[in-house]
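Residue numbering restarts at 1 for every chain, and letters A, B, ... go by the order of the sequence lines.
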Amino acid sequence: MKYWLVKSEPDSFSLQDLIDCPNSTEMWDGVRNYQARNNLKAMSEGDQVFFYHSSCKIPAIVGIAEVTKEHYPDPTASNPEHSGFDPKHSEENPRWFVVDLTFKQALSRPITLSWIKQQEALSDISLISKGSRLSAMPIEDAHWCYIVNCAKL
DNA sequence: GCCAACGTTGGC
DNA sequence: GCCAACGTTGGC
């Protein structure tokens, strides 16, 4: 099992929004960056995912979700009406993908970006290193465990 | 709202 | 294939 982190702007889709989805499950669509896409494709069913709130007052990891369906073509990329439409994408020859994420639990306290930056043990976490703008990125086991322990689930 | 750090696009 | 121009992300 692998660990990941996905980002979402809470103004457009928050952890609560995921909880409120049917079966607390949502198709994670709209990724239009190749590296982030490759990370989506590397996800397996059962992988655990930190849910991170970005571009907001207090950027933080706020919860945990699970990959419940492995990657499949992003339907929003084939929809000309959709802002994520890509004419070079098709069902037959897909360029962009989604996974399904299911809510698992909220952290009892959010793990803020500013706190993460203060932790020696997390000094090389992908979230604050090169390529940190990716909307989906891998998290090392040790970093995952450190954060989960500190969140006192 | 600013801007640094990227990623993408397209002319050549 | 280079690189300038442009767009996006996301912290501050």
Side-chain angles (χ1 to χ4, degrees), chain A residues 2-21 26-43 47-67 70-140 142-151:
Chain A
K2 298 184 293 297
Y3 297 110
W4 307 92
L5 179 146
V6 298
K7 296 178 180 175
S8 187
E9 301 188 12
D11 287 346
S12 42
F13 192 81
S14 68
L15 182 66
Q16 188 59 49
D17 292 329
L18 178 63
I19 293 171
D20 292 341
C21 286
E26 178 71 326
M27 182 179 73
W28 202 257
D29 62 22
V31 171
R32 295 293 181 274
N33 170 287
Y34 288 103
Q35 214 176 328
R37 177 204 66 179
N38 292 343
N39 287 334
L40 285 186
K41 291 175 76 173
M43 292 182 185
D47 284 357
Q48 304 293 110
V49 183
F50 278 143
F51 196 105
Y52 177 83
H53 282 168
S54 67
S55 293
C56 55
K57 274 237 174 67
I58 306 175
I61 298 167
V62 292
I64 295 176
E66 180 173 325
V67 178
E70 290 186 16
H71 70 93
Y72 54 101
D74 186 341
T76 67
S78 347
N79 178 4
E81 308 290 309
H82 198 281
S83 61
F85 175 67
D86 181 350
K88 293 171 184 165
H89 168 100
S90 66
E91 288 290 316
E92 301 74 30
N93 191 15
R95 169 179 294 200
W96 305 113
F97 296 88
V98 299
V99 296
D100 284 358
L101 293 184
T102 301
F103 170 77
K104 276 201 72 183
Q105 56 193 138
L107 300 189
S108 57
R109 71 177 183 98
I111 297 294
T112 66
L113 179 62
S114 67
W115 181 85
I116 288 171
K117 286 178 170 173
Q118 292 166 22
Q119 305 307 306
E120 185 65 29
L122 301 175
S123 59
D124 59 347
I125 194 171
S126 51
L127 183 64
I128 57 174
S129 60
K130 195 186 169 197
S132 66
R133 294 181 316 155
L134 292 175
S135 57
M137 62 179 76
I139 297 289
E140 288 175 25
H143 294 154
W144 177 280
C145 293
Y146 184 87
I147 289 169
V148 166
N149 283 336
C150 292

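Using a 4.0 Å heavy-atom cutoff across all strands shown, A/Lys117 reaches sugar-phosphate atoms only and no base atom.
Distance CG (A/Leu134) to P (C/dG10): 8 Å, rounded to an integer number of Å. In this structure, A/Glu9 places its CD atom 9 Å from P of C/dG11, rounding to the nearest Å. Between the NZ atom of A/Lys88 and the C1' atom of B/dG10 there is a distance of 10 Å, given to the nearest Å. Atom CG in A/Leu113 sits roughly 17 Å away from atom P in C/dT9 (whole-Å rounding). If you take CD1 of A/Ile128 and C1' of C/dT9, they are 17 Å apart, rounded to a whole angstrom. What separates CD1 of A/Ile61 from P of C/dG10 is a distance of 14 Å, to the nearest Å. Counting to the nearest Å, the C1' atom of C/dT9 and the CD atom of A/Gln35 are 14 Å from each other. C/dT9 atom C1' lies 14 Å from atom CG of A/Leu5, rounded to whole Å.
With sequence neighbours left out, the side-chain hydrogen bond (donor to acceptor under 3.5 Å, both in side chains) criterion links A/Tyr146 to A/Gln119. Legend: residues meeting side-chain hydrogen bond (donor to acceptor under 3.5 Å, both in side chains) with A/Trp28, ordered by chain and number and at least two apart, are absent.
To the nearest 0.5 Å, atom CG of residue A/Asn38 and atom NE2 of residue A/His71 are 10.0 Å apart.
Close to C/dT9, at under 4.0 Å from its OP1 or OP2, lies no side-chain N or O of A/Lys7.
Counting heavy atoms from C-beta on, the side chains of A/Val31 and A/Phe97 never come closer than 4.5 Å.
In terms of modelled atom types and a separation under 3.5 Å, the side chain of A/Asp74 and the main chain of A/Gly30 share a donor-acceptor contact.
The pair A/Arg95-A/Asp86 counts as a salt bridge, with a side-chain nitrogen and a carboxylate oxygen less than 4.0 angstrom apart.
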Which pairs, protein N/O on one side and nucleotides 1-8 of chain C N/O on the other, fall under 3.5 Å?
residue: C/dT8; atom: O2; partner: A/Arg133; partner atom: NH1; Å: 3.1

